[in-house]
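First up is the structure itself, then whatever we jot down about it.
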2 protein chains.
Amino acid sequence: MAKNPIDPTGDACSEVDRSVLEGLVGYHLRRAQAAVFEDFRKTMAAEKITPGQFGVLALIGANDGLSQSALARALGIERSTMVAVIDGLETRGLVDRRASETDRRSNELTLTPTGRTLTAKLGPMVEDHEARMAEGLDADEKAILVDLLKRVGAGA
Amino acid sequence: MAKNPIDPTGDACSEVDRSVLEGLVGYHLRRAQAAVFEDFRKTMAAEKITPGQFGVLALIGANDGLSQSALARALGIERSTMVAVIDGLETRGLVDRRASETDRRSNELTLTPTGRTLTAKLGPMVEDHEARMAEGLDADEKAILVDLLKRVGAGA
DNA sequence: TATTGTTATACTCTATAACTATA
DNA sequence: TATAGTTATAGAGTATAACAATA
């Protein structure tokens, strides 16, 4: 039997002692995140939307006219990082930069009709993906997980 | 008051509606991972060790003579990716590649004395970091979090 | 045929520092 | 002075595809 080159759980690698990492939240966080990211990538392969891009689309959709800086702050990334993200979405005709009339330094972001349609289509796909990721968890456990994740590193 | 440019919890951005992302495990996973990674980076700034490098050192320390491929599988990354990681640690004199006598394709990895000393020093630092990250959680909650993380994406 | 290590290449996500135009 | 957007640059971290040596 050919060994799975990448084994999400790592259970097939019983020959290697990983007990030193077993208790580490950071380690399991990385493994879980990699697995979820990979599934998201596959789920959205046809739409060519990354998790980060989805967050941006979803937040613009829910906050029409949002500025790039506010969006970056809300997602916890630098505003300089946001530039390229918006560039990409704008080039694809999903997002519009509209010069603000009240503050000419700032751009008001909106979804184009195409962007709105795509974002609406993405919603159920993300739900499916999420359901797949949380397959082994019941609703209570999923809620607990989200709650615990929100509290991890909160006081750093 | 200048706003914190990057706000781990995002609580300071109440002007932005993030409810669309609130229920998503993937979103909270990414936020938590970013916060933990950042704290790890700061904690290990003096030692210049990344989370990935720590995992490699810890696993070699616990599995002397491990091959690069087995190590990559155990950590869930490609063996081609592992090459540069080991290159870096070997250049720094922390890890040794020893040609296997039984299988000449394969390298047996060992910690050098320096590597062993550093890895031993890193242990308590990682514990401190972990404690800081789980500050808001009691022991039970931390155990639950680890358990839930192990089950996320397991059946993907 | 399959596996180990390797190289070449590319992509995503992210940050910092410095610039410009506004405020 | 401070903020919004931008550019240039850099560095993790990762993958795929191909190759030689070996099993």
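Numbered from 1 within each chain, the chains take letters A, B, ... in sequence-line order. Keep in mind that what you see is a predicted model, and the values were worked out from it rather than measured.
The residues B/Arg151 and B/Asp147 are annotated as salt-bridged, a charged nitrogen and a carboxylate oxygen being separated by less than 4.0 angstrom. Checked for salt-bridge contact, A/Arg132 and A/Glu135 miss the test: no charged N lies under 4.0 Å from a carboxylate O. Under a 4.0 Å N-O distance rule, the pair A/Arg18/A/Glu22 does not qualify as a salt bridge. By the 4.0 Å N-to-carboxylate-O rule, A/Asp96 lies too far from A/Arg98 to be salt-bridged with it. Under 4.0 Å is where a charged nitrogen must lie from a carboxylate oxygen, and between B/Asp87 and B/Arg92 no such pair does.
Across the protein-nucleic acid pair, A/Ile49 atom CD1 and C/dC13 atom C1' stand 15 Å apart, rounded to whole Å. Rounded to an integer number of Å, the gap from A/Arg79 CZ to C/dT20 P is 15 Å. Following rounding to the nearest Å, A/Glu78 (CD) and D/dT9 (C1') show an atom-to-atom distance of 15 Å. Between A/Phe40 atom CZ and D/dT14 atom C1' the separation is 18 Å, expressed in whole Å. Taking atom CG of A/Leu75 as the reference point, atom C1' of C/dA15 lies 16 Å away to the nearest angstrom. For the pair B/Arg41 CZ and C/dC13 C1', the computed distance is 14 Å after rounding to whole Å. For A/Tyr27 and D/dG13, the OH to C1' distance is 16 Å, given to the nearest whole Å. In this structure, the CD atom of B/Glu38 is 10 Å from the C1' atom of C/dT14, given to the nearest Å.
Considering CD of B/Glu127 and CG of A/Leu24, their distance stands at 8.5 Å, rounded to 0.5 Å.
What you find for A/Val36 and B/Gly26 is that their closest heavy atoms are CG1-CA, 4.0 Å. Residues A/Leu149 and B/Ala32 share a closest heavy-atom pair of O-CB, 3.8 Å. Looking at every heavy atom in both residues, A/Leu66 comes nearest to A/Ala70 through CD1-CB, 3.9 Å. Shortest non-hydrogen contact noted between B/Val95 and B/Ile86 is CG1-CG2, 4.3 Å. Residues A/Arg97 and A/Glu90 come closest through the heavy atom pair NH1-OE1, 2.8 Å.
With C/dT14, D/dA15, D/dA4 as the choices, the nucleotide that has an atom nearest any side-chain atom of A/Ile77 turns out to be C/dT14. Here the nucleotide nearest the side chain of A/Phe37, chosen from C/dT4, D/dA12, C/dT12, is C/dT12.
Within residues 80-93 of chain A, the residues that place at least one heavy atom under 4.0 Å from DNA chain C are, in residue-number order, A/Ser80, A/Thr81. The stretch residues 54-69 of chain A touches DNA chain D through A/Ser67, A/Gln68, A/Ser69, each having a heavy atom under 4.0 angstrom from the strand.
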Might you list the N or O atoms of the protein lying below 3.5 Å from N or O atoms in nucleotides 21-23 of chain C, with each pair's distance?
residue, atom, partner, partner atom, Å
C/dA23, OP1, A/Arg104, N, 2.7

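For the helix from C/dT1-D/dA23 to C/dA23-D/dT1, the axis fitted to the five pairs at one end and the axis fitted to the five pairs at the other end meet at an angle of 0° (nearest 10 degrees).
For the pair B/Ile60 and B/Leu71, the minimum side-chain heavy-atom distance is below 4.5 Å.
One finds a side-chain N or O of A/Arg97 lying less than 4.0 angstrom from the OP1 or OP2 phosphate oxygen of D/dT6.
For residues 76-108 of chain B, there are no ring-ring contact (aromatic ring centres under 6.0 Å, His included) pairs, not counting sequence neighbours. Residue pairs meeting the ring-ring contact (aromatic ring centres under 6.0 Å, His included) criterion with at least one partner in residues 96-133 of chain A, sequence neighbours excluded, are A/Phe40-A/His129.
Take the nearest nucleotide of DNA chain D for A/Arg30 and for A/Ser106: the residue whose nucleotide is more 5' is A/Ser106.
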